[in-house]
Amino acid sequence: MKEEFINKRIGKTIAKRRKIAGFTQEEVADHLGINTESFSRIERGLISPGIYKLYILADFFECGVDSFLIESSRRPTDQAKYISQLLMKNSSADRAVIVSVLERLSKHMRKSTLSNIDERE
């Protein structure tokens, strides 16, 4: 993967975490000791935040450092871990509903993919 692509995905994850935490770009930039434009460039994926700043952000947003990498990853194992983290935040009954929806959606997507392949042949 290209570094720019990874920076963009991590930047989007940082922006999402910032919004969920209820902070402005200026507040987070101040906490990091950088100007708002530099932080904006991190969120847009134009520059890498660097490992040290990811640790500071993780403390500030009260999450694990790995969450920035897992949430922005396209690797199936990382995506499964992210889904697992999301599931853990719900009750047992709600988890069962979510899993059921995922199963149906996955089945539907596989059928759609197979139909598209058949149409091309």
Side-chain angles (χ1 to χ4, degrees):
M1 281 191 220
K2 291 191 171 188
E3 187 174 350
E4 297 85 19
F5 176 77
I6 293 170
N7 287 344
K8 283 185 187 282
R9 293 191 58 98
I10 290 173
K12 284 182 182 183
T13 302
I14 291 169
K16 181 180 90 173
R17 288 279 179 166
R18 175 183 57 79
K19 291 172 186 172
I20 289 170
F23 294 112
T24 65
Q25 283 187 334
E26 184 177 2
E27 290 171 320
V28 178
D30 286 345
H31 187 75
L32 291 173
I34 60 177
N35 63 44
T36 305
E37 176 57 30
S38 293
F39 183 70
S40 174
R41 293 178 72 210
I42 289 172
E43 282 194 347
R44 289 181 285 149
L46 301 177
I47 58 173
S48 171
I51 300 296
Y52 179 71
K53 284 187 176 50
L54 284 179
Y55 274 92
I56 294 171
L57 290 168
D59 286 342
F60 197 56
F61 297 150
E62 297 180 353
C63 64
V65 174
D66 63 330
S67 66
F68 298 112
L69 305 176
I70 290 170
E71 289 179 36
S72 61
S73 176
R74 295 180 112 183
R75 295 175 51 210
T77 54
D78 291 338
Q79 291 169 337
K81 186 172 181 181
Y82 178 56
I83 290 169
S84 175
Q85 290 171 352
L86 293 173
L87 283 172
M88 291 171 56
K89 298 176 185 177
N90 295 280
S91 69
S92 178
D94 288 345
R95 286 194 309 267
V97 170
I98 294 167
V99 169
S100 175
V101 169
L102 279 174
E103 287 172 341
R104 286 183 291 195
L105 181 60
S106 179
K107 184 177 180 180
H108 172 76
M109 298 300 287
R110 283 192 310 268
K111 283 182 181 178
S112 295
T113 301
L114 290 175
S115 294
N116 289 338
I117 291 170
D118 290 342
E119 289 174 6
R120 285 187 250 158
E121 291 178 352

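The figures that follow rest on heavy atoms only: side chains count, while hydrogens, waters and symmetry mates do not. Bear in mind the structure is a predicted one, so any value in this text is a computation, not a measurement.
With a 4.5 Å cut-off on side-chain heavy atoms, Asp78 and Leu69 do not count as touching. In this structure, the side chains of Ile47 and Asn7 stay at 4.5 Å or more apart for every pair of heavy atoms. Counting only heavy atoms from C-beta outward, the side chains of Val97 and Asn90 never approach each other to under 4.5 Å.
For the atom pair Met88 CE and Ile83 CD1, the distance stands at 14.0 Å (nearest 0.5 Å). Of the inter-residue distances, the one linking Leu54 atom CG with Phe61 atom CZ reads 10.5 Å to the nearest 0.5 angstrom. With rounding to the nearest 0.5 Å, the separation of OG1 in Thr36 from CD in Glu26 is 4.5 Å. Atom NZ of Lys19 is separated from atom CD of Gln25 by 8.0 Å, given to the nearest 0.5 angstrom. With rounding to the nearest 0.5 Å, the separation of CG in Leu105 from CD in Glu103 is 11.0 Å. One finds the OG1 atom of Thr13 at 11.5 Å from the CG atom of Leu57 (value rounded to the nearest 0.5 Å).
Salt-bridge formation is not detected for the pair Glu43/Arg17: no Lys NZ or Arg NE/NH1/NH2 atom is positioned less than 4.0 Å from an Asp or Glu carboxylate oxygen.
Within 6.0 Å of CD1 in Ile20 there are more than 12 heavy atoms belonging to other residues, nucleotides or ligands. Around NZ of Lys12, the count of heavy atoms belonging to other residues, nucleotides or ligands within 6.0 Å does not exceed 12. Annotation for Glu37: atom CD counts as buried by contact number, over 12 foreign heavy atoms lying within 6.0 Å.
The two residues Lys81 and Asp66 have their closest heavy-atom pair at NZ-OD2, 3.5 Å. Nearest heavy-atom pair across Lys53 and Ile34 is CE-CG2, 3.7 Å.
Residue Val65 is grouped with residue Ile14 when hydrophobic side chains (ILVMFWY) are merged at heavy-atom distances under 4.5 angstrom, including chains of intermediate members. Cluster annotation: Ile6 is connected to Tyr55 through the hydrophobic network of ILVMFWY side chains, with a link wherever side-chain heavy atoms come within less than 4.5 Å. Connection of Tyr82 to Phe68 is not established within any shared hydrophobic cluster, with ILVMFWY side chains joined at heavy-atom distances below 4.5 Å, either directly or through further cluster members. When hydrophobic clusters are built by joining Ile, Leu, Val, Met, Phe, Trp and Tyr residues whose side-chain heavy atoms come closer than 4.5 Å, directly or via intermediates, Ile51 is grouped together with Phe39.
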| query | Between Phe60 and Leu32, is a side chain to side chain contact (heavy atoms under 4.5 Å, CB included) present by the stated rule, with each step listed? | reply | CA-CA 9 Å; Phe60 197 56; Leu32 291 173; over 6 Å; no
| query | How far apart are the C-alpha atoms of Phe23 and His31, what are their side-chain angles, what is the distance that settles it, and do they pass the side chain to side chain contact (heavy atoms under 4.5 Å, CB included) test? | reply | CA-CA 11 Å; Phe23 294 112; His31 187 75; over 6 Å; no
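Among Ser48, Ser73, Ser72, the single residue meeting the side chain to side chain contact (heavy atoms under 4.5 Å, CB included) criterion with Ile10 is Ser72.
A donor-acceptor pair is defined here as one N or O able to donate and one able to accept, closer than 3.5 Å; such a pair exists between the side chain of Ser67 and the backbone of Gly64.
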